[in-house]
Every structure is written in C-alpha cells, then in structure tokens.
Amino acid sequence: MAGYDPKEIERKWQRVWAEEKTWEVANPGKPGFDDSKPKSYVLEMLPYPSGEPHVGHLKCYSVGDAIAHFRRRNGFQVIHPMGYDSFGLPAENNAIKTGEPPRVATERSIASFQRQFREWGISIDWSRELATHTPEYYRWTQWIFLRLFEQGLAYRAEAPVQWCPKDATVLANEQVVDGRCERCGTEVVQRKLEQWFFRITDYAERLLADFELLENWPEHVITMQRNWIGRSEGAEVTFRCEEVGLDFPVFTTRPDTLFGATFFVLAPEHPELERLVAGTPAEAAVREYVDRAARESAEERGAEDREKTGVPLGRSVVNPVNGEEIPMFVADYVLMEYGTGAIMAVPAHDERDHEFARAFDLPVRRVIEGEDPDVARDEQGLPYPGDGPMVGSGRFDGKGNREAYAEIVAWLNEERRGEAAVNYRLRDWLVSRQRYWGAPIPVVYCDACGEEGAPAIVPVPDEQLPVELPEVEDYAPQGRSPLAAAEDWVATECPRCGGPARRETDTMDTFVDSSWYFIRYLDPRNAEAAWDASAAAHWLPVDQYIGGVEHAILHLMYARFFTKALADCGVLGVQEPFANLFAQGMITRDGAKMSKSRGNTVSPAEYVERYGADTARTYICFMGPPERDADWVDEGVEGVNRFLSRLWRLCEEVEAGEEGDDPLATPEGDVRTLLAKAHWAIDKATRDFQRGFQFNTVIAAVMELVNEAYRLKDGLYGEPGGTAAVRFAAATAASLVFPFAPHLGAEIWERLRGGRVWEEPWPQADSQLLSSETVTLVVQVNGKLRDRIEADAEAGKDELLALARRSEKVSRFLDGKEVVKEIVVPGKLVNLVVR
RNA sequence: GCCCGGGUGGCGAAAUUGGCAAAAGCGGCGCCCUUAAAAGGCGCUGCCCCACUGGGGGGCUUGCGGGUUCGAAUCCCGCCCCGGGCACCA
C-alpha cells in the first residue's frame with residue numbers, strides 16, 4: 001500500500017481548484033451569481049509583501065480559510081479574496097541599500113506569496129486579486145483622496161510634526177512608539193512643516209459611538225481604540241489677561257475646582273507667548289526656556305519622574321469665577337497638542353499642578369474636602385483627586401462637587417465665560433510622506449491661480465487620474481521627497497488655468513492604501529469607478545475579519561474612518577467595515593518572538609515541503625485557541641502528521657476491504673458505539689466552530705473519532721453493518737478535518753464517498769445517536785466522588801437514589817451516619833449529604 | 001497610576017459555562033510486530049500515603065487567603081505574579 005503522500009495529493013487538488021476556479025464567486029447581476037444563498041465576506045488582513053511569507057501569515061490564512069470553508073458548507077456564498085499591501089518603506093529602504101527598484105523587489109515577493117498561498121491550498125478567489133502599488137489600484141486611492149479633499153476632510157497645514165531623521169520622513173503619531181520611529185527605532189524630533197492631514201478627529205465621536213454597531217469584536221481591541229481616541233468631558237473656560245487684552249481659553253475636566261486655581265500655565269509652543277513677554281524683563285528667560293523645550297524629543301519631555309520646570313511670565317490672568325488675578329507661567333508639562341495648550345492649575349486637586357506649585361512655592365488652596373476627617377481641611381492629604389463637599393468656593397460651599405460641577409458649567413454658560421466641552425486625545429491623521437514608494441498625492445500647485453504669493457492647491461481632475469509614480473534613479477530622501485528629483489514629472493500644467501504648475505511630490509502613507517482595499521475586492525477590475533455600488537451594497541460589510549492584534553489601533557481605526565467618510569460622500573452604504581473581528585495570537589518559538597537575529601524563525605515553506613501543507617495548517621490550528629499566543633514545537637507538528645497519516649491508512653484499509661453491507665437501521669453494540677462517536681464528533685466540531693473558532697478542540701474531536709475507529713475496526717469487519725460503520729467514521733473524519741486539511745479531506749472523501757467534499761453540506765449530527773440508553777451516574781457523599789454506576793438514562797429520581805444507596809462503595813460512607821439531604825440531577829449525579 | 005487579557009499535571013492545553021478536574025496532543029515508561037532498527041499497533045502515565053503474589057484502599061490537587069453553595073477551575077470579596085494597551089492628555 002502506498003503510504004500517506006501529501007505531495008501527490010496536494011498537487012492533485014491544487015490543480016483541480018486552479019483549473020475549475022472553484023473559489024471564484026460572481027457579483028450580483030453577473031453570470032454565475034447564486035442568489036439562493038446568503039452572502040458571507042470572509043477576509044484576512046492583506047499581507048505586506050516583503051520577502052517570504054512567515055508563520056504568522058500561515059496562521060492568519062489557515063484560520064481564515066477554515067472559517068471560509070465552514071461557511072461555504074453551511075450554505076453561504078463566501079467571498080474570500082486576496083491582495084498585497086505593496087507600497088511602503090521596507091521595499092524602499094531595501095532599494096536605497098541595494099539599488100534594486102522597489103517595484104522589482106516587491107513584485108518578486110508577491111510572486112512568492114502567490115506561489116505559497118497556492119501551495120497551502122488556501123481557497124482564494126484569484127479573480128479578485130489586487131496589489132496596492134499598481135496604477136489600476138492607486139488611481140482610486142487618489143480618487144478617494146480627492147473626495148476627502150472636496151469634503152474638507154483632507155487639508156494641508158503647517159504643523160509641528162514628528163520627524164524621523166534616519167528615514168528622513170515625517171511620521172504619523174501612531175507610528176511613534178515611546179518617542180521613537182516605529183520602523184527604525186531612531187528618536188524622532190519635532191519639526192514644523194506643511195503637511196497633508198485627514199480630519200479623523202471630526203469622526204472621534206462616531207468612532208466611539210459606533211462600537212455599538214459591531215457584532216463581535218474582541219473587547220480589548222475596542223478598549224485600545226477607546227483609549228486611543230481618549231474622550232474627556234469637561235468645560236472650556238476663558239481666563240482673560242487684561243494687561244495685553246487677550247483671552248485664554250482652557251480645557252478642564254474639573255470645572256468644580258475652578259475656585260482652587262492659583263496659577264496658569266501655557267505650553268512652550270503656545271502662539272501667544274511672544275506677545276505676552278515681548279519687551280518685558282521675562283523675555284530672555286522665557287525665550288531660552290522655549291528654545292530648550294523645542295530641542296528636546298517627545299521622549300525626553302514625556303519621561304517619567306521628570307522634575308517640573310517652567311518660567312514665570314510676569315503676567316497674570318483673571319479667574320472668571322472669583323475675579324482673582326493669578327500668575328502666568330510657561331512649562332513643558334503642558335502640551336500644545338491637547339486642549340488649548342493652556343491650563344488653569346489647581347494644585348490642591350491635581351498631582352502635576354501640585355508638583356509644580358511645590359517647585360515654585362505657589363499657594364495650594366483646597367476647595368473639596370476629603371473623606372478622612374483628620375486631613376479633610378488642612379494641607380495634608382493633598383493633592384486630593386476624589387469627591388467631597390465644596391469649600392472655599394463661595395456660594396457653592398457645602399454642595400457635593402459633582403452637583404457643583406453642573407451648576408458651575410451652567411453659570412459659565414450664562415456669563416459667556418465658558419461652556420461644556422469635550423476633548424479628544426486623537427489627532428488628525430498625518431498622511432503625507434516625503435518618500436518615493438507610495439501613491440502620489442493628486443494635487444498641483446499653481447502660482448497663477450494663487451493669491452498673495454501663495455500658490456493655489458489645485459486638485460487633479462478625476463479624468464487625469466492616475467497621477468502615475470515616475471521612475472527615478474535615487475530613492476534616498478534628502479528632506480524632500482525623491483519625487484522632487486523627477487523634474488519633468490513635477491513640471492506640469494495647471495488643470496484650472498492651463499499655466500505652468502508643480503506637482504505635489506509627497507506620497508501617501510501606506511495605511512491609506514489599506515484603508516479601503518476590502519471594497520476594491522468587490523469590483524477589482526472596474527476601470528470606470530472605484531467600485532460598483534451594487535457590488536458594494538451586496539457584499540459589505542465584511543462578515544468576518546481576521547488579523548493580528550498589532551493592527552488593533554492603526555489599520556482598524558483608519559479603515560473605520562474611511563468607511564464613515566465614504567458613506568458621508570454618498571458612495572458607500574455602510575457605517576462600519578468589519579462586523580466581526582478575530583484577532584489571532586502570535587506564534588513564538590522557544591517562548592520568544594521569532595526574529596532573524598535570535599535565529600528562532602520558522603519557515604512555513606520548509607514544513608510544507610517536509611510534511612505537506614495539510615499538516616502545517618492543521619498543526620497551527622491545533623496548537624491552542626487561535627486568539628492566544630502559541631509556541632511552535634516540532635514534535636507537535638509530527639504528532640499532527642501522525643494523526644493525518646493514521647486517518648489516511650484507515651481510509652486505505654476500508655477502501656481496499658469489502659464494500660460491506662448497508663448501514664443498519666438500528667445499529668447495536670460496537671457498530672452503534674462507533675457511529676455514536678462519529679455523531680458526537682460532528683456535534684462537538686460544529687459547536688466549537690461556532691463558539692469563537694475553537695479549532696484546537698474541533699481537531700481533538702476528530703482525533704478521538706479516528707482513535708475510536710482504530711480501537712473497534714478489527715472487531716467490526718464482518719459484523720453486520722460493521723464495515724459500513726468504519727467507512728462512515730473515516731469519511732466523517734475527512735469531512736470534519738477538511739477546513740484545516742483540505743487536500744486530504746477532499747481525497748479521502750472522493751475515495752470513500754465519491755464527489756467533492758466542499759460541495760457537501762456540513763454534516764448534521766443524528767440526535768438519535770447522540771443520546772444513549774445508559775448514562776454513567778456519578779454518586780457523591782458530601783460532594784466527594786464515591787462511585788460511578790451505569791444507569792438507565794430515563795431513570796427517575798427515586799430509582800437513581802435507590803441505585804446509589806445500593807452501592808457498596810457508597811454505603812461504606814453512610815454507615816452510622818444520618819442522610820440529611822439528597823440531591824439528584826437526573827442523568828448525571830446523586831449527592832448524599834450526611835452528618 | 002488607569003484599562004484589558006491570563007495563571008490548571010513534566011510541556012502546550014480540555015472541562016458542554018455551578019455537577020466525574022486533566023479530553024485530544026507532546027514527552028516519558030512498558031508490551032506486540034521485527035534477525036535488528038525505523039515505521040506501525042496496543043497499554044500505562046496529576047501528586048502523596050497505605051497495601052501488594054494478585055486484586056485494592058485512602059488523602060490531596062486548578063496562583064494565594066477568605067466567602068457563597070449539597071457541590072466551585074467556574075460565582076463573590078481581598079491579595080500575588082505574568083503578558084498587553086494607555087499615560088505630564090489638564
């Protein structure tokens with residue numbers, strides 16, 4: 001007999017799927033569209049094609065494919081596309097190092113991903129394949145940019161931005177981790193530059209509120225986004241500096257502590273600083289302080305345990321609630337990016353203000369009493385951030401601070417000195433990059449159309465898209481985009497006046513490309529529009545999205561923002577792109593994250609070569625719950641390979657043996673036992689599939705079924721209905737394991753049953769065979785297990801009690817004791833409580 | 001500091017959601033097949049104690065300490081440890 005030869009089987013079925021285009025689905029209204037089935041959009045995050053696929057990819061697509069197969073066999077028309085997020089820094093950095101154009105390295109990597117996806121047997125609709133670096137794709141990325149521009153959602157502004165000196169580019173806030181460039185680890189510096197932004201902050205409220213619309217997202221991902229958006233409720237209150245006649249609004253979450261404000265602080269970047277101190281004795285000191293702050297990195301400024309520093313301005317503002325004049329300072333613990341860049345300082349009830357007050361010997365005035373009566377009134381126990389009755393707050397004294405909060409805000413409103421306000425930590429999304437390998441931003445600058453020396457920003461008309469990325473020689477950025485060197489390309493004609501104009505030379509952040517790809521899949525060859533409205537209406541939203549948690553904030557929030565913005569532009573009918581999200585865990589080796597430098601990487605290709613794709617995929621799904629991190633162990637791979645081989649040999653054995661007689665109408669004995677096990681496995685697999693994709697226990701159930709078949713088969717051959725039962729067990733195992741090991745599943749099914757397993761509906765458990773006539777009754781005395789007794793499944797309470805008391809093992813513990821309580825759970829357990 | 005996860009045999013894990021703790025896998029031990037090995041098949045395998053020719057019996061056990069309950073890995077209260085996110089955000 002030929003042993004299990006995954007190579008041959010896998011090649012065979014991969015050819016079938018490719019030739020028959022098995023996984024392609026048509027759009028509504030197109031030939032081949034099946035309107036009898038409900039749709040299901042199963043999507044894994046598209047890979048960034050750099051080098052070869054790694055095990056993280058194998059996991060993501062194995063999990064997604066199992067879901068896609070399961071849905072198909074449950075009667076859904078599943079759309080399951082694939083593409084490549086093929087613009088971005090790594091290809092460009094490689095180009096700078098080796099001189100190889102980014103396109104060449106990227107397309108080589110794409111070819112490698114394509115080959116391996118086929119070798120893994122992932123059920124992809126290849127007719128919908130796309131790559132974000134192709135003009136056919138980025139043309140529409142540019143088109144979306146123009147729509148956002150029209151809506152005022154894309155704008156150009158000078159702003160302090162995070163600049164990475166190594167990569168010589170600006171970064172999005174999200175790409176700065178602990179003050180360092182996410183990619184290269186270099187400390188970022190602040191620069192003031194003209195940049196393009198998307199107004200994601202306009203959507204902060206909806207991004208929060210619409211968590212409601214999601215069906216099932218991991219709680220921690222929602223929490224991370226919520227933290228990132230960072231909504232705070234409070235009030236904006238205006239403090240006036242009479243000496244220079246300026247109003248300074250501040251944002252505070254604690255308007256109830258307004259009477260405790262004893263000083264006022266501006267951020268070093270505050271635009272009015274200059275006017276406040278120009279020509280005053282404080283000018284020199286303030287300027288020096290501001291310059292020093294500007295030189296410091298965000299990391300240095302944000303360091304923990306940093307001493308509070310600052311400089312008095314020699315000016316004061318008036319507290320609107322009590323008319324008190326309080327001194328002004330500049331200090332770097334106040335951030336320009338948040339709120340208004342200025343704060344009222346309440347040292348008695350805010351830790352940071354308290355530290356500053358101590359450092360500068362400023363008054364600390366308690367306005368809320370603490371809980372501890374001993375320290376309630378004096379300066380001990382300060383700063384006190386909690387609740388309590390108000391003191392030193394005029395007519396609000398004695399009221400609870402929560403109550404006073406509302407009244408103070410109402411009063412500010414009446415007096416027009418402030419109003420309720422909400423602030424967000426979220427900043428607008430900086431999307432321009434001074435880099436080559438990205439989609440060009442489709443605008444030109446025209447001096448003739450401009451005013452007062454400033455050129456006009458003229459959008460490139462839709463019909464002139466795409467603005468193609470020109471070929472260049474030198475990819476290294478020199479503080480301006482490498483595109484600036486392509487002078488023939490930069491010099492263009494103004495679409496508005498026809499005069500000479502210059503192209504924008506920045507490209508878009510790659511997160512822009514990946515913020516809408518899931519829509520393009522629905523109509524990827526459309527040359528007239530980004531997508532056909534009816535296709536989008538039919539398939540969206542994505543029913544199940546699968547990917548790593550590392551995208552919990554960036555990609556997932558940007559895609560949510562895009563969806564809402566496109567809906568507002570009237571070109572999309574959904575508010576949320578991904579109804580269900582599954583965040584897969586990481587695969588480690590030797591307990592550590594894989595890295596080339598550590599030398600603990602796992603190459604999927606190597607394992608696929610040695611054991612076959614079915615083994616590699618099934619192992620990955622068997623390692624543990626897929627949402628959790630899991631450690632790759634070679635012996636575990638072999639264990640799964642042993643299991644698949646065992647199933648294979650079982651198939652060969654039944655195939656070679658007698659056809660056997662027909663299945664019995666009322667199976668008995670071991671025939672029934674094996675059939676019951678098969679139906680138990682069907683039931684278990686189906687439930688675990690639905691319950692959060694617990695593939696590890698699904699596979700364990702199939703293993704149990706195969707083990708049971710091995711235990712019983714030799715006694716069953718020749719029995720009435722015996723061979724048929726073994727055959728049923730093997731075919732059922734193949735059918736259940738198909739979503740993980742599609743080649744083996746398809747092959748065994750074809751041999752034992754004929755036809756295509758993926759066209760078979762998912763098996764249904766026979767409830768007759770799920771229940772048995774007898775059950776194991778657990779007998780406890782005082783909650784401790786004392787005996788197990790076979791009992792009639794239908795037996796009543798009294799019968800079970802009698803049975804339990806009759807047991808010798810039980811009665812031993814009842815001797816000389818009084819039974820004070822009897823608990824009977826029919827079909828399960830008897831517990832006798834004795835004294 | 002705040003917010004999420006998580007802690008169960010030698011290892012990664014199960015436990016139908018309050019009812020037999022440890023399924024399936026790995027590792028380990030033993031047996032069968034074999035001239036031999038590999039492959040394969042079968043069995044045992046949480047810890048401790050008593051008994052042992054053979055069969056057996058008892059206690060303990062889900063990070064720690066309490067509680068609720070006839071009964072807790074599961075629910076409640078208080079701690080400890082590990083991982084992740086946010087953090088000078090007013």
Side-chain angles (χ1 to χ4, degrees), chain A residues 3 218-232 234 250-254 257 265 267 301-306 308 331-335 337-346 349-353 355-356 385 423-427 549-550 552-553 585-586 591 619 622-625 627-640 642-643 645-646 649 683-684 687-688 691 694 696-707 710-711 714 776-788 809 812 820-825 828-834:
Chain A
E219 199 49 52
H220 68 279
V221 172
I222 292 178
T223 305
M224 281 163 73
Q225 291 203 1
R226 200 167 263 141
N227 287 344
W228 190 262
I229 295 167
R231 182 183 199 275
S232 299
V250 299
F251 174 72
T252 177
T253 53
R254 295 295 305 273
T257 64
V265 190
R301 250 180 92 167
E304 242 174 299
D305 311 329
R306 184 181 161 94
K308 291 282 177 289
D332 67 3
Y333 81 95
V334 174
L335 309 173
E337 310 91 83
Y338 188 77
T340 62
I343 61 158
M344 66 168 197
V346 185
H349 302 288
D350 181 279
E351 191 168 343
R352 297 149 301 179
D353 297 346
E355 277 176 42
F356 191 87
N423 244 283
Y424 301 93
R425 206 193 74 102
L426 184 72
R427 312 284 149 72
V549 230
E550 64 271 21
I553 297 173
M586 208 180 27
Y619 172 61
F622 181 64
M623 292 170 86
E627 71 274 16
R628 232 181 285 177
D629 292 351
D631 206 57
W632 183 279
V633 180
D634 282 353
E635 286 77 13
V637 183
E638 281 177 27
V640 167
R642 254 198 299 275
F643 154 65
S645 307
R646 228 162 117 82
R649 286 195 308 274
D683 181 59
K684 169 89 177 148
R687 279 203 326 263
D688 289 353
R691 203 163 53 101
Q694 297 196 15
N696 52 329
T697 54
V698 173
I699 294 162
V702 183
M703 287 174 171
E704 281 196 60
L705 170 58
V706 172
N707 289 347
Y710 266 76
R711 245 187 310 271
D714 291 337
T776 307
L777 182 73
V778 172
V779 185
Q780 299 177 333
V781 177
N782 284 351
K784 280 191 180 149
L785 174 72
R786 293 306 175 190
D787 202 3
R788 289 174 235 250
K809 287 180 188 168
R812 198 181 330 157
V820 295
K821 197 160 187 180
E822 295 164 330
I823 285 115
V824 183
V825 183
K828 254 186 191 153
L829 145 156
V830 168
N831 187 11
L832 301 172
V833 186
V834 299

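Heavy-atom basis, side chains included; hydrogens, waters and symmetry copies ignored. Sequence lines set the chain letters: A, B, ... in the order given, protein chains first and strands last, and positions in each chain run from 1.
Geometrically, K308(A) does not engage F356(A) in a cation-pi contact, judged by NZ or CZ lying under 6.0 Å from the ring centre and within 45° of the ring axis.
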For nucleotides 22-31 of chain B, tabulate all protein N/O to nucleotide N/O atom pairs closer than 3.5 Å, reporting atom names and distance.
residue	atom	partner	partner atom	Å
A23(B)	O2'	E704(A)	OE2	2.7
G25(B)	OP1	N707(A)	ND2	3.3
C26(B)	OP1	R642(A)	NE	3.2
C26(B)	OP1	R642(A)	NH2	2.8

Please enumerate all protein N or O atoms sitting under 3.5 Å from an N or O of nucleotides 59-61 of chain B, with distances to 0.1 Å.
residue	atom	partner	partner atom	Å
G59(B)	OP1	R786(A)	NH2	3.2
G59(B)	OP2	R786(A)	NH1	3.1
C60(B)	OP2	K784(A)	NZ	3.4

Sub-3.5 Å pairs of nitrogen or oxygen atoms, protein against nucleotides 2-7 of chain B:
none

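Annotation: the span from R425(A) atom CZ to R226(A) atom CZ amounts to 15.0 Å, rounded to 0.5 Å. Here the straight-line distance linking atom CG of N227(A) with atom CD1 of I553(A) works out to 8.0 Å at 0.5 Å rounding. The distance from atom CZ of R687(A) to atom CG of D683(A), rounded to the nearest 0.5 Å, is 4.5 Å.
As judged by a 4.0 angstrom heavy-atom cut-off over every strand, D350(A) is placed among residues making no nucleic acid contact. Residue contacts shown for E627(A) are absent, as no nucleic acid heavy atom lies under 4.0 Å away. Contact annotation for Y710(A): backbone-only contact, meaning every heavy-atom pair under 4.0 Å involves sugar-phosphate atoms and none involves a base. Among the heavy atoms of the strands lying under 4.0 Å from V334(A) is at least one base atom, whether or not backbone atoms are also near. If you check every strand for non-hydrogen atoms under 4.0 Å, M344(A) touches nothing. At the heavy-atom level, P218(A) lies nowhere under 4.0 Å from the strands shown.
Taking each heavy atom of A345(A) and V265(A) in turn, the nearest pair found is CB-CG2, 4.4 Å. When all heavy atoms are compared, the tightest approach of N831(A) to N782(A) is OD1-N, 3.5 Å. Of all heavy-atom pairs between M224(A) and A552(A), the closest is CE-CB, 3.6 Å. Pairing each heavy atom of V250(A) with each of M344(A), the nearest pair is CG1-N, 3.8 Å. The two residues P385(A) and R254(A) make their nearest non-hydrogen contact at O-NH1, 3.3 Å. A pairwise comparison of heavy atoms in S232(A) and Y338(A) identifies OG-OH, 3.3 Å as the closest pair.
Two residues are said to be in side-chain contact when any heavy atoms from C-beta on lie closer than 4.5 Å; V640(A) and I699(A) fail this criterion.
With its glycosidic angle within 90° of 0, G9(B) is assigned syn. Glycosidic conformation at U17(B) (O4'-C1'-N9-C4 for purines, O4'-C1'-N1-C2 for pyrimidines): syn, within 90° of 0.
Between R649(A) and the phosphate of G41(B), there is a side-chain N or O to OP1/OP2 separation shorter than 4.0 Å. Between R691(A) and U17(B) there is no side-chain polar atom (N or O) within less than 4.0 angstrom of OP1 or OP2.
Side chain to side chain, N707(A) and R646(A) meet the donor-acceptor criterion of an N or O pair below 3.5 Å.
Side-chain atoms of Y619(A) do not come within 3.5 Å of backbone N or O of W632(A) as any donor-acceptor pair. Q694(A) places no side-chain N or O within donor-acceptor distance of the main-chain N or O of P625(A), the cut-off being under 3.5 Å. With R306(A) contributing its side chain and Y333(A) its backbone, the two residues share no donor-acceptor pair below 3.5 Å.
Stretches of at least 3 consecutive Watson-Crick or G-U wobble pairs, with each checked distance under 3.5 Å, appear in RNA chain B as B:1-7 with B:80-86, B:27-32 with B:40-45, B:46-50 with B:56-60, B:63-67 with B:75-79.
Atom name P, nucleotides A73(B) and C60(B): the rounded distance is 13 Å, in whole Å. The C1' atoms of U74(B) and A22(B) are separated by 15 Å, rounded to the nearest whole Å. Taking the P atoms as reference points, G78(B) lies 25 Å from G19(B), given to the whole Å. With P as the reference atom, C44(B) and G25(B) are 13 Å apart, rounded to whole Å. Taking atom P in both C47(B) and G10(B), one finds a spacing of 7 Å when rounded to whole Å. Rounded to whole Å, the separation between the P atoms of C32(B) and A36(B) comes to 11 Å. Rounded to whole Å, the separation between the C1' atoms of A72(B) and C77(B) comes to 15 Å. A gap of 47 Å separates the P atoms of C76(B) and G30(B), to the nearest Å.
One atom, CD1 of I222(A), and another, P of C86(B), lie 17 Å apart when rounded to the nearest Å. Atom CZ in R687(A) sits roughly 12 Å away from atom C1' in A15(B) (whole-Å rounding). Following rounding to the nearest Å, D688(A) (CG) and U17(B) (C1') show an atom-to-atom distance of 13 Å. Rounding to whole angstrom units, CH2 of residue W632(A) and C1' of G12(B) are separated by 14 Å. In this structure, CE of M224(A) is placed 6 Å from P of C86(B), rounded to the nearest angstrom. If you take CE of M623(A) and P of A14(B), they are 13 Å apart, rounded to a whole angstrom. Counting to the nearest Å, the P atom of A15(B) and the NZ atom of K828(A) are 15 Å from each other. Residue R231(A) contributes atom CZ, which lies 16 Å from atom C1' of A90(B) at whole-angstrom precision.
A residue-by-residue look at S232(A) and Q780(A) shows that Q780(A) has its nearest nucleotide of RNA chain B further toward the 5' end. Of the two residues near RNA chain B, I823(A) and E337(A), the one whose nearest nucleotide lies more 5' is I823(A).
Remark: D629(A) pairs with no residue by the salt bridge (charged side-chain N to carboxylate O under 4.0 Å, His left out) rule, at least two apart or across chains. Residues meeting the salt bridge (charged side-chain N to carboxylate O under 4.0 Å, His left out) test with R642(A), sequence neighbours left out: none.
In this structure, the nucleotide among G57(B), A87(B), G19(B) sitting nearest to the side chain of R812(A) is G57(B). If you check C88(B), A90(B), A87(B) against the side chain of T253(A), the one that comes closest is A90(B). Distances from the side chain of N831(A) to the nucleotides A21(B), G19(B), A90(B) place G19(B) closest.
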